[in-house]
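One structure is given here, and the rest of the page talks about it.
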Amino acid sequence: MSDRRILVTAALPYANGQIHIGHLVEYIQTDIWVRFQKLRGNRTVFFCADDTHGTAISIRARDEGRTEEEVIAEMSDAHQRDFAAFGIEFDNYGSTNSPENRELCGEIWQAIRDAGLVKEKDIEQLFDPEAGLFLADRFVRGTCPNSECNAPNQPGDNCSKCGRTYSPAELIDPKSTLSGATPEVRTASHLFIELSQLHSFLDEWSQSGKHLQPEVANNLRGQFLGDPNSEEGAKELRDWDISRPAPYFGFEIPDSPGNFWYVWFDAPIGYMASTKQWCDRTGEKFDDWWKSDDTEIHHFIGKDITYFHTLFWPGMLKTAGFSLPEKVHIHGFLRVDGEKMSKSQGTFIMGSTYLNHLEPDYLRYFYASKLGPGLGDIDLNLEEFVNRVNSHLVGNIVNLASRSAKFVSGGTLCEEYPDDGGLFAAAAAKADQIAEFYEQCDFASATLEILQLADEANRFINDRAPWKLNKDPEKAEEVRQICSIVLNLFRQVAVFLQPVLPKLAEQAGELLNAPISNWDDAKTPLTGTPVSEFKHMMQRITKAQVDAMVDESVVEEPADEGSVDNESPWNDGPEALAAEPMTEECTIDDFVKVDLRVARVIEAKDVPKANKLLNLTLSLGGGETRNVFAGIKEAYKPEDLVGRLVVCVANLKPRQMKFGLSEGMVCASGPGKADVFLLDIDDGAVPGQRVH
RNA sequence: GGUGGGGUAGCUCAGUUGGUGAGAGCGGCGGAUUCAUAACCCGCAGGUCGGGGGUUCAACUCCCCCCUCCACCA
């Protein structure tokens, strides 16, 4: 048994929203790894905190008529409640808006200053005069400045149509998505860290093969660092803009009044601040954890924030003289039934909603069984979820205890472990292999291996059939031996799964009156302890429960989360209007030029070569039809459209498209792609009627 | 558009440095059993390994092109 000292972090959840099942992939993954290390006897601590700073928090606070502090306090409580419910145990849960964090930010900042990495540059940024805020790129929309594109309604950093990147100040006719106001261009001085000075260090650290998954190292090399040994050579690392001018919710930079550290500067330092709080509470020495070669630091993050954790963060730590991460473990995203989580489809499921319907251990097990060492996305196929939980957990693992304990309840396990044909020893021999899977975050392989052990145990009891022997009183001792073996095999499985299913390990401990506290408990059979009465440890689940959870998630709107809405019952935001500002006034004469008609979709066909188009045949009644190509492919299936009524522009000049002649348009709202919403009309309308 | 990572049985995924007839779990089908939360046990599944071209005695595994999905682009 090793005596490693390990500090683990999971990414800091942002204090702007509730924990959902996508977040939980990471926290469950990390918690499993931490519990595994603790079970192995390694000194392991697990820290996290709420990420609280930045413009989004200010906007939320303003919308809700509260202070930022009130918003983040409430959200921190909600986050911690959800984590606890899912069995995720932190040694300390802090906040980036803490005195410890402010102090550490100052210390690291000073070191970066002293190293000569900071420089000052003027930059132009858009300011919303109505909201009184500088606008982050995603809060600005306008027309793409590329003269060959000029796509309307594009965000402030790059065009979704032509892909061009630009600064928000270059946008044509920009609008704030907060207020709809036209932003002003303001020049402000920002502070930058010259990351290029750390280029050779970052090459070495990131490409060493020790700290990052190979895909991640490749990505950093291809995208940011370049390869000094290649023909193209190293790439220039751009300066990192780490300050924001007031007003900004964050920490003011001590030697630069009126400027605040950008949220991504102080967020990772929150790992240290959380450690500091724990040290102050427990009497531990901070430097033993962040400035010691005897401590391994492991970060767990999602692939979206790779760049901050693998370039800036090591750079900051190196410059300020702290320990570098031993490893940054990066995971993919969660998909549900093969698609992105979707609020409209009810697959954007909050942790608290899940808990209304299902036990947390099911999700812990399911994620564990899907998580490998790579950073591909994992899929929560809801039908598979039900099957896997029922089959693996209830039908296979728990079933071992269920079918054997009753024969010996009230008695004790054999004083000497009986001959089991080498089953227990063979499983014990796999302990190191399983441990290695856990160590490498290959939980899918670990659970697969463990499940095979349970399979063998089930085969064993099948072959020995104690329920037959039990009918002959003279064979009572043989029955007891068989059940002692099966219960030991069950316990062994429970030990191996303890990091994933801590509750099951506890239940196994209670059943056999011997708590599971160490990985090595799987290596020695238990003898002579009393066997309690068997109680069901897990219930089977049904698709109906899952469906109910999805249904509840459909209704749940993000505006409701965590707060009581006592103003408008709808709480419609300004984003949609700001995204497409009102056009100029028109007259009734202008309007009647457009002939809108009710039409029935009588045929709908996919256009295989088109990304967005469906080919619709619309009936206006009496044999009058229109052939229309509609850009709704990602939002509607052809078979769902046939028969329904829509509203169309019936007198639009026909247009020759690549795939055929389009003789009109169907009316719909929404930004496009999957978010397209066809106009419906109340019952009673008939095709051919004009819309006035 | 650029960078990186994927596209393998109905579903979710494994497939080491190219080589006996391509695997697992779940579902499905057949059988056996009845101790167990209709659980467990035995047997069956024949998928152009995204498409095309190339290298090779031999490619899912190497090279090129294309299609497609995902993330990132400070």
Side-chain angles (χ1 to χ4, degrees), chain A residues 137 146 149 157-165 192-193 195-196 213-226 235-242 262 264 302-308 310-312 330-333 335 337-340 366 369-372 374-407 442 444-445 447-449 451-452 454-471 479 482-483 486 534-542 608-609 611:
Chain A
D137 295 348
N146 178 359
C149 174
D157 47 0
N158 67 65
C159 176
S160 61
K161 192 173 171 195
C162 71
R164 168 85 153 262
T165 58
F192 289 77
I193 292 178
L195 206 60
S196 58
Q213 289 130 299
E215 304 96 303
V216 177
N218 291 346
N219 186 236
L220 292 176
R221 179 154 31 81
Q223 189 153 356
F224 300 106
L225 295 166
K235 286 189 183 180
E236 183 82 5
L237 284 166
R238 279 191 233 161
D239 299 335
W240 185 33
D241 182 357
I242 56 85
Y262 174 47
W264 265 111
K303 60 183 178 179
D304 54 329
I305 54 176
T306 295
Y307 154 76
F308 296 101
T310 57
L311 293 180
F312 292 131
I330 303 180
H331 61 80
F333 289 162
R335 316 195 112 228
D337 284 342
E339 294 182 23
K340 284 185 189 178
F366 186 81
S369 73
K370 303 289 277 191
L371 278 165
L375 53 164
D377 292 345
I378 71 167
D379 190 44
L380 170 57
N381 180 295
L382 295 173
E383 194 178 332
E384 184 192 17
F385 172 69
V386 172
N387 288 336
R388 193 171 287 215
V389 165
N390 288 341
S391 167
H392 290 197
L393 290 182
V394 182
N396 199 325
I397 294 168
V398 169
N399 193 222
L400 284 174
S402 181
R403 67 195 306 199
S404 60
K406 65 178 252 187
F407 298 115
D442 190 355
S445 295
T447 50
L448 196 64
E449 198 73 38
L451 207 68
Q452 286 172 5
D455 277 343
E456 287 176 32
N458 268 307
R459 268 194 289 277
F460 175 83
I461 192 168
N462 245 53
D463 294 344
R464 305 290 288 267
W467 49 90
K468 285 181 182 165
L469 304 175
N470 197 39
K471 290 169 183 161
V479 169
I482 292 166
C483 293
V486 173
F534 176 75
K535 289 181 286 196
H536 282 176
M537 296 175 175
M538 287 187 193
Q539 306 301 320
R540 297 172 63 81
I541 60 176
T542 64
K609 291 191 173 178
N611 293 327

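Just so it is clear, the model here is predicted, and its values are computed rather than measured.
- As rounded to whole Å, 17 Å separates atom P of B:G6 from atom CD1 of A:I378.
- Within the structure, every side-chain polar atom (N or O) of A:R221 is placed at least 4.0 Å from both OP1 and OP2 of B:G4.
- Using the six-membered ring where Trp is involved, A:F385 and A:F366 have ring planes that are perpendicular, over 60° apart on the 30 and 60° scheme.
- A gap of 15 Å separates the C1' atoms of B:G7 and B:G47, to the nearest Å.
- Across the P atoms, B:A59 and B:G2 are found 32 Å apart, a figure rounded to whole Å.
- With hydrogens and angles left out, the side chain of A:E383 and the base of B:C11 share no donor-acceptor pair within 3.5 Å.
- Across B:G4, B:C35, B:U37, the shortest atom-to-atom separation from the side chain of A:E215 is found for B:G4.
- Phosphate proximity of B:A74 to A:K235: absent, as no side-chain N or O sits under 4.0 Å from OP1 or OP2.
- Remark: A:K235 is not positioned above the aromatic ring of A:F224, lacking an NZ or CZ atom under 6.0 angstrom from the ring centre and at most 45 degrees off the axis.
- Of the inter-residue distances, the one linking A:K303 atom NZ with A:I330 atom CD1 reads 11.0 Å to the nearest 0.5 angstrom.
- Side-chain nitrogen and oxygen atoms of A:K303 include none within less than 4.0 Å of the OP1 or OP2 phosphate oxygen of B:G5.
- Phosphate contact (OP1/OP2 of B:C72, side-chain N/O of A:T306, threshold under 4.0 Å): absent.
- A gap of 48 Å separates the C1' atoms of B:U37 and B:G51, to the nearest Å.
- Taking all atoms of both residues into account, the shortest heavy-atom contact from A:R238 to A:L195 is O-CB, 3.9 Å.
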